[in-house]
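Structure, as structure tokens:
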Protein chains: 2
Amino acid sequence: MENTLTHARENFIQGMSRISLFWGFPRAMGALFGAIYLSPEPISLDVLVEQSGVTKGAVSTNVRQLERLGMVYKHIRIGDRKNYYTAETDFWKIIKGILREREKQEFDTALKTVGLSLEMAQSSEISPEEAELAAFYQQRLGNIQRFFHKLDNLVAAVLTLDEFRLSAVQRLFGSEDTNS
Amino acid sequence: MENTLTHARENFIQGMSRISLFWGFPRAMGALFGAIYLSPEPISLDVLVEQSGVTKGAVSTNVRQLERLGMVYKHIRIGDRKNYYTAETDFWKIIKGILREREKQEFDTALKTVGLSLEMAQSSEISPEEAELAAFYQQRLGNIQRFFHKLDNLVAAVLTLDEFRLSAVQRLFGSEDTNS
DNA sequence: CTGATCGTTTAGAATGAACTAAACGTAGTG
DNA sequence: CACTACGTTTAGTTCATTCTAAACGATCAG
């Protein structure tokens with residue numbers, strides 16, 4: 001336990017918990033990914049329990065989430081009832097997976113809602129004395145709708161980038177490695 | 001209440017609540033921004049209470065958050081103790097503000113944590129029999145550190161884009177307005 | 001068939017954030 | 001100087017999510 005590498009791992013796992021939480025995932029998910037990522041061989045559920053400090057049930061649940069997001073992979077060995085996990089090491093791929101998973105879907109419902117309000121504001125049942133307000137609504141709702149479309153397209157565009165083009169884009173803008 | 005425009009507004013406010021929640025903000029924040037955004041004139045706190053269905057205390061708190069994020073502006077009228085608010089309509093500016101506010105800071109702490117673990121893994125106090133594992137840790141931690149740096153730079157790059165260049169970038173990739 | 005060892009599921013507890021309601025302070029008004 | 005009309009703060013409650021612990025079911029070994 002007073003091992004330096006163990007400390008490094010524990011610190012990393014803790015950091016990944018924070019990050020996970022920040023991105024709206026359960027704390028345990030980050031911790032588990034951290035542990036799996038720092039395992040040189042496929043890691044089993046019981047070792048995960050020990051290294052991450054998460055109970056068995058939670059490990060079972062959260063590891064499945066990770067799998068669903070394409071962040072880890074399950075390995076089954078013949079004649080061995082344990083499950084072993086390895087981490088996806090292509091982070092860019094992970095990001096893309098997550099964006100696809102949640103951002104996309106949420107964007108659609110957002111657009112649908114704004115669209116509905118916009119339709120209402122364009123409705124013919126609006127009395128003359130409200131015409132001015134209706135025009136204002138139409139303008140504002142139209143603007144936000146266009147913006148969401150733009151953002152949606154931007155995200156979609158980013159999703160088409162592969163690792164190679166990503167670097168290219170970054171070089172395009174700047175300040176690569178200005179520190180340390 | 002059976003007014004069409006009112007329905008449009010209520011639907012929009014509700015949608016903004018969802019979005020707010022999704023981005024990790026309180027539900028009330030989105031609702032309030034929605035109400036302010038759809039007000040043709042600077043809107044006062046009591047009207048906000050009425051339109052958003054949020055209580056006075058919460059309005060006071062959340063509206064200040066919105067102000068801090070640069071999403072709304074406070075207007076004071078001489079000889080009038082009420083506060084009036086208007087919405088920032090440049091959404092790109094808003095996004096940038098939010099990114100600066102949270103993403104940036106969180107990225108820094110993430111990088112610091114990974115850096116610390118990496119240092120530990122490079123420590124000289126590591127026994128020979130752990131050398132192999134240490135090398136593995138160094139590799140993995142180095143990789144994730146580089147990735148975070150890349151991502152950080154990417155976000156920073158996006159933050160430098162103004163409305164004009166943004167459109168240019170989007171046109172660069174694609175599918176502008178393929179629907180509706 | 002029995003026992004042991006897995007992973008999964010579930011019911012309940014704990015945690016933390018956000019909302020409500022009410023008290024508070026303050027600034028204008030008559 | 002009261003009185004009223006504001007915005008702010010706070011204490012307590014509600015609510016949703018996540019974690020734990022334990023029961024469960026299934027699979028493999030002997």
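Residue numbers start from 1 in every chain, and the chains themselves are labelled A, B, ... in the order their sequence lines are given, proteins ahead of strands.
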Quiz item: B/K56 side-chain donor-acceptor pair to D/dG7 base, under 3.5 Å: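 Answer yes: a donor N or O sits under 3.5 Å from an acceptor.
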
Distance to the ring centre below 6.0 angstrom and angle to the axis at most 45 degrees; does that hold for B/R77 and B/Y84?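 B/R77 over B/Y84 ring: yes.
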
[atom1] of [X] versus [atom2] of [N]: gap in Å, rounded?
X	N	atom1	atom2	answer
B/Y84	D/dA5	OH	C1'	12 Å
A/L32	D/dT20	CG	P	11 Å
A/R64	C/dT10	CZ	P	11 Å
A/N62	D/dT18	CG	P	8 Å
A/I43	C/dG7	CD1	P	12 Å
A/F25	D/dA16	CZ	P	21 Å
B/M29	C/dC19	CE	C1'	15 Å
A/D80	C/dT5	CG	P	14 Å

Close side-chain approach of B/I98 and B/F25, heavy atoms under 4.5 Å: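 Contact flag for B/I98/B/F25 side chains = yes.
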
Which residue lies toward the 5' end of DNA chain C, A/G57 or A/K82, if each is placed at its nearest nucleotide?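 Looking at DNA chain C, the more 5' nearest nucleotide goes with A/K82.
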
Return whichever of B/V54 or A/Y85 has its heavy-atom-nearest nucleotide of DNA chain C closer to the 5' end.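 By nearest-heavy-atom nucleotide position, the 5'-most residue is A/Y85.
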
When you get a sec, tell me which of [options] is the closest nucleotide to the side chain of [X]?
X	options	value
A/S60	C/dC6, D/dT20, C/dT9	C/dT9
B/P26	C/dT9, C/dA18, D/dA26	C/dA18
B/R81	D/dA5, D/dT20, D/dA26	D/dA5

Residue B/Q122 excluded, over 12 heavy atoms near CD under 6.0 Å: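 More than 12 within 6.0 Å, yes.
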
Does the side chain of A/R27 get closer than 4.0 angstrom to OP1 or OP2 of C/dG16 through an N or O atom?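 A/R27 to C/dG16 OP1/OP2: no side-chain N or O under 4.0 Å.
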
Side-chain N or O of B/R77 less than 4.0 angstrom from OP1 or OP2 on D/dC6?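 Result: no.
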
Is it true that a side-chain atom of B/S17 and a backbone atom of B/I13 form a donor plus acceptor pair closer than 3.5 Å?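 Yes.
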
Ring centroid separation A/Y137 to B/Y37 under 6.0 Å: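 Centroid distance A/Y137-B/Y37: not below 6.0 Å, so no.
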
If you assign A/G79 and A/A28 each to the DNA chain D nucleotide with the nearest heavy atom, which residue ends up on the more 5' nucleotide?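 Closer to the 5' end of DNA chain D: A/A28.
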
Would you mind classifying the nucleic acid contact of A/D46 as base, sugar-phosphate or nothing, using non-hydrogen atoms under 4.0 angstrom?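 Nothing, no nucleic acid heavy atom in range.
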
